[in-house]
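Quick note: residue numbers are just sequence positions, from 1. As the structure is a prediction and not an experimental result, all values here were calculated from the model.
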Amino acid sequence: EFTKKFNETTLLHKMYEANYSKEIYVTVLDEMNIARVEYYFAEFLWNNANFNKAQPVATATNPNGTTYTFEGLTPGYYLIKDQEGTLTDGMNDFYTSFIITLTSSTNVEVKGSVPTVTKQVSDELDGQYSAQISNQLNQLHYYEWVGTIPSEIEDYDFYHYEFQDTLSTGLTFNRIEEIYIKTSNGKDILYQDNASGTSVAGKPPIWYVPDSGTVGGQIRIGWENLKASYPNLLKSDTVHVRYSAKLNENAISVQSGNPNTVELIYSNNPYDSGDYGKTPPSTARVYTFDLEVHKVSDTGTNLQGAEFVLFHNHTETGNVVPVYAVVTNGAITSWTHEFEDATKLVSGQDGKITVTGLKKDVDYYLTETKAPDGFNTLYGNTEIEITDYAINDANEITRIDYEINNSDKTAEGKTAKVTLDVVNKGGTELPSTGGTGTTVMYIVGGILVLAAVVLLITKKRMSNAE
């Protein structure tokens with residue numbers, strides 16, 4: 001119990017009674033009781049010592065907190081425990097369970113551990129999760145928290161367990177997807193949203209979740225007493241929370257990406273429910289990339305006023321269809337199926353167009369829809385694909401590998417971008433092979449040839465008649 005009051009059990013009542021009786025009292029312990037004798041007697045001894053204001057026979061300190069040495073002890077049983085108040089709330093550490101040992105000189109193993117939390121991200125709910133991915137703006141991706149259970153969980157009657165997650169301003173929250181405990185028997189679903197966003201299971205007691213569409217902010221999900229909700233929890237079990245979010249127009253392009261961090265707040269004292277520890281933060285990152293188009297003439301002059309459309313092919317219900325970029329203030333805000341609704345990307349005075357919000361392993365296509373005055377429009381698409389990127393220990397982008405029409409390119413530095421020079425030639429536009437102009441020329445040419453043949457035959461007949 002953690003009421004700061006000692007609760008007498010039947011065994012303790014009999015021990016008190018025996019102290020005032022001349023009768024012989026015998027306590028029988030089964031095999032399991034004997035294996036965990038300290039579990040049954042240590043707390044009683046500690047409360048008894050506190051009640052009688054007993055002083056410790058020895059103390060030991062160690063700044064590293066790993067190995068402690070007690071010197072000058074005579075053989076006998078000793079109760080060993082952390083000194084109360086030596087851990088600051090929020091430290092990633094624990095108060096050990098009571099230890100009783102028989103010793104003349106021996107090493108004692110500290111009993112206890114702390115849970116851990118890991119945060120990862122994927123572009124699919126049931127996909128492969130990792131510490132970082134790349135993604136387009138305004139496209140869903142999925143985060144997963146994985147919390148472990150401490151090795152001495154059975155020593156706790158009360159165990160606080162709470163995830164605290166922080167989204168950066170470049171992220172827009174969507175919804176909690178599912179919460180489950182993974183056991184040796186599989187996946188025990190605690191909470192889940194279906195496709196329509198309807199809860200099909202209960203929410204945990206601690207539930208501070210922002211509305212869908214909230215930019216940045218914090219999420220708190222957990223249990224005041226995890227042991228009360230799941231009394232059969234094992235140290236091999238893990239707690240999982242998954243939720244979805246998007247990169248928004250505030251997202252950082254390239255550099256160190258867009259971080260999302262989680263910490264786990266947990267009970268760290270089996271004998272005091274008010275003591276808490278906190279894990280180090282675990283961070284997942286989502287990167288996005290820039291495309292810079294440079295429109296120039298065949299003599300190298302910057303060309304203003306050229307118009308382009310950016311698109312990629314998307315698979316929907318088994319069919320591959322093009323989707324076109326809708327761009328606001330240089331950032332991709334959505335994708336549309338209608339070509340007429342696509343944003344016309346127009347080159348400026350410097351001949352440049354910059355678009356933010358591309359991801360790795362997507363084949364993008366750039367199509368010129370209008371050339372500057374006096375120049376020929378380019379026919380066909382330019383294919384662009386980011387094939388790989390590298391990050392350093394500070395999580396900063398150091399290199400981007402990409403292809404332009406299957407030709408390998410590399411850009412370096414934390415602000416690296418995909419760059420593409422598009423060259424236009426001046427002059428009157430000529431019909432291209434296979435176009436409408438070619439067909440017209442063929443028809444006119446055929447008529448002229450036929451007329452010439454008729455004229456030749458006519459003249460020959462007139463000559464013979466004479």
Side-chain angles (χ1 to χ4, degrees), residues 123 133-141 246-247 249 251 253-254 287-298 303-348 351-372 375-389 400-411 416-425 429 431-436:
D123 55 8
I133 63 168
S134 70
N135 206 1
Q136 299 175 152
L137 296 188
N138 292 291
Q139 178 174 306
L140 285 177
H141 56 264
K246 299 177 182 180
L247 291 177
E249 292 75 18
S253 184
V254 201
Y287 296 89
T288 195
F289 301 102
D290 293 339
L291 167 66
E292 183 180 272
V293 179
H294 189 195
K295 186 67 173 176
V296 293
S297 69
D298 52 356
L303 295 180
Q304 182 179 7
E307 295 183 5
F308 297 85
V309 167
L310 180 69
F311 72 95
H312 71 88
N313 292 322
H314 182 62
T315 302
E316 298 178 1
T317 62
N319 298 316
V320 178
V321 295
V323 289
Y324 303 93
V326 177
V327 180
T328 304
N329 297 325
I332 298 173
T333 55
S334 63
W335 297 86
T336 177
H337 294 92
E338 304 300 327
F339 180 84
E340 293 76 12
D341 296 332
T343 298
K344 303 302 186 291
L345 306 171
V346 183
S347 59
K352 293 182 178 180
I353 301 168
T354 300
V355 179
T356 296
L358 278 63
K359 68 178 289 188
K360 174 178 172 284
D361 295 332
V362 172
D363 290 327
Y364 296 98
Y365 300 91
L366 189 71
T367 299
E368 186 174 56
T369 57
K370 178 184 176 183
F375 289 85
N376 296 333
T377 301
L378 295 179
Y379 290 97
N381 303 318
T382 300
E383 184 177 357
I384 305 159
E385 181 187 5
I386 300 169
T387 56
D388 201 4
Y389 59 93
I400 300 175
D401 298 328
Y402 60 98
E403 294 179 358
I404 303 294
N405 291 332
N406 297 316
S407 177
D408 292 336
K409 307 286 184 180
T410 296
K417 63 184 67 175
V418 176
T419 57
L420 167 63
D421 287 342
V422 179
V423 181
N424 276 90
K425 294 183 179 180
E429 183 173 359
S432 61
T433 302
T436 303

> Going from CG on Asp421 to CD on Glu292, what distance comes out if it is rounded to the nearest 0.5 angstrom?
Replying inline: 9.0 Å
> Counting only heavy atoms not in Asn329, do more than 12 sit closer than 6.0 Å to its CG atom?
Replying inline: no
> Can you tell me how far the CD1 atom of Ile332 sits from the CD atom of Gln136, to the nearest 0.5 Å?
Replying inline: 6.0 Å
> What closest approach, in Å, do Leu137 and Thr356 show between heavy atoms, and which atom pair accounts for it?
Replying inline: CD1-O, 3.7 Å
> Any idea which heavy atoms bring Val321 and His337 closest together, and the distance?
Replying inline: CG2-CD2, 4.0 Å
>> Determine whether a donor-acceptor pair (N or O, by modelled atom type, separation under 3.5 Å) exists between the side chain of Asn405 and the backbone of Glu383.
In response: yes
>> Just verifying a value: how many Å separate Thr367 OG1 and Asn381 CG, rounded to the nearest 0.5 Å?
In response: 3.5 Å
> With distance as the sole test, does Ser134 use its side chain to make a donor-acceptor pair with the main-chain N or O of Tyr287 at under 3.5 Å?
Replying inline: no
> Asp123 side chain to Leu140 main-chain N or O, any donor-acceptor pair under 3.5 Å?
Replying inline: no
>> Do Val327 and Leu345 make a side-chain contact, defined as non-hydrogen atoms from C-beta onward lying under 4.5 Å apart?
In response: yes
> In terms of heavy-atom contacts, does NZ of Lys344 have more than 12 from other residues, nucleotides or ligands at under 6.0 Å?
Replying inline: yes
> Using the ring of each side chain (for Trp, its six-membered ring), is Phe339 parallel, tilted or perpendicular to Tyr324, with breaks at 30° and 60°?
Replying inline: perpendicular
> Where do Gln304 and Pro372 come nearest, in terms of heavy atoms and distance?
Replying inline: O-CB, 3.6 Å
> Would you say the ring centroid of Phe289 lies under 6.0 angstrom from that of Tyr402?
Replying inline: no
> Short question: side chain of Thr328, backbone of Thr333 - any donor-acceptor pair under 3.5 Å?
Replying inline: no
>> Using a 3.5 Å distance criterion without hydrogens, assess whether the side chain of Thr336 forms a donor-acceptor pair with backbone atoms of Asp341.
In response: no
> Take atom NZ in Lys360; do more than 12 heavy atoms of anything else shown fall under 6.0 Å from it?
Replying inline: yes
> So, the side chain of Ser347 versus the backbone of Gly305: is there a donor-acceptor pair under 3.5 Å, distance only?
Replying inline: yes
>> Under the criterion side chain to side chain contact (heavy atoms under 4.5 Å, CB included), I'd like the reasoning laid out for Ile386 against Val362: C-alpha separation, chi angles, the key distance, then a yes or no.
In response: CA-CA 7 Å; Ile386 300 169; Val362 172; over 6 Å; no
>> Measuring only between side-chain heavy atoms, which start at C-beta, is Leu247 closer than 4.5 Å to Gln139?
In response: no
> Does a donor on one side chain and an acceptor on the other come within less than 3.5 Å for Asp401 and Thr410?
Replying inline: yes
> What closest approach, in Å, do Glu249 and Asn138 show between heavy atoms, and which atom pair accounts for it?
Replying inline: OE2-ND2, 3.1 Å
> Do Phe311 and Val323 pass the side chain to side chain contact (heavy atoms under 4.5 Å, CB included) test, and can you show the C-alpha distance, the side-chain angles, and the key distance before you say yes or no?
Replying inline: CA-CA 6 Å; Phe311 72 95; Val323 289; over 6 Å; no
>> Donor-acceptor check, side chain of Ser334 to backbone of Val326, threshold 3.5 angstrom: yes or no?
In response: no
> For the side chain to side chain contact (heavy atoms under 4.5 Å, CB included) test, which of Thr382, Asn313, Leu358, Val418 pairs with Tyr364?
Replying inline: Leu358
>> Is there a side-chain contact between Lys352 and Val293 in this structure, where contact means two heavy atoms from C-beta onward sitting under 4.5 Å apart?
In response: no
> Stepwise, does the side chain to side chain contact (heavy atoms under 4.5 Å, CB included) test hold for Ile400 with Lys417?
Replying inline: CA-CA 7 Å; Ile400 300 175; Lys417 63 184 67 175; 5.6 Å; no
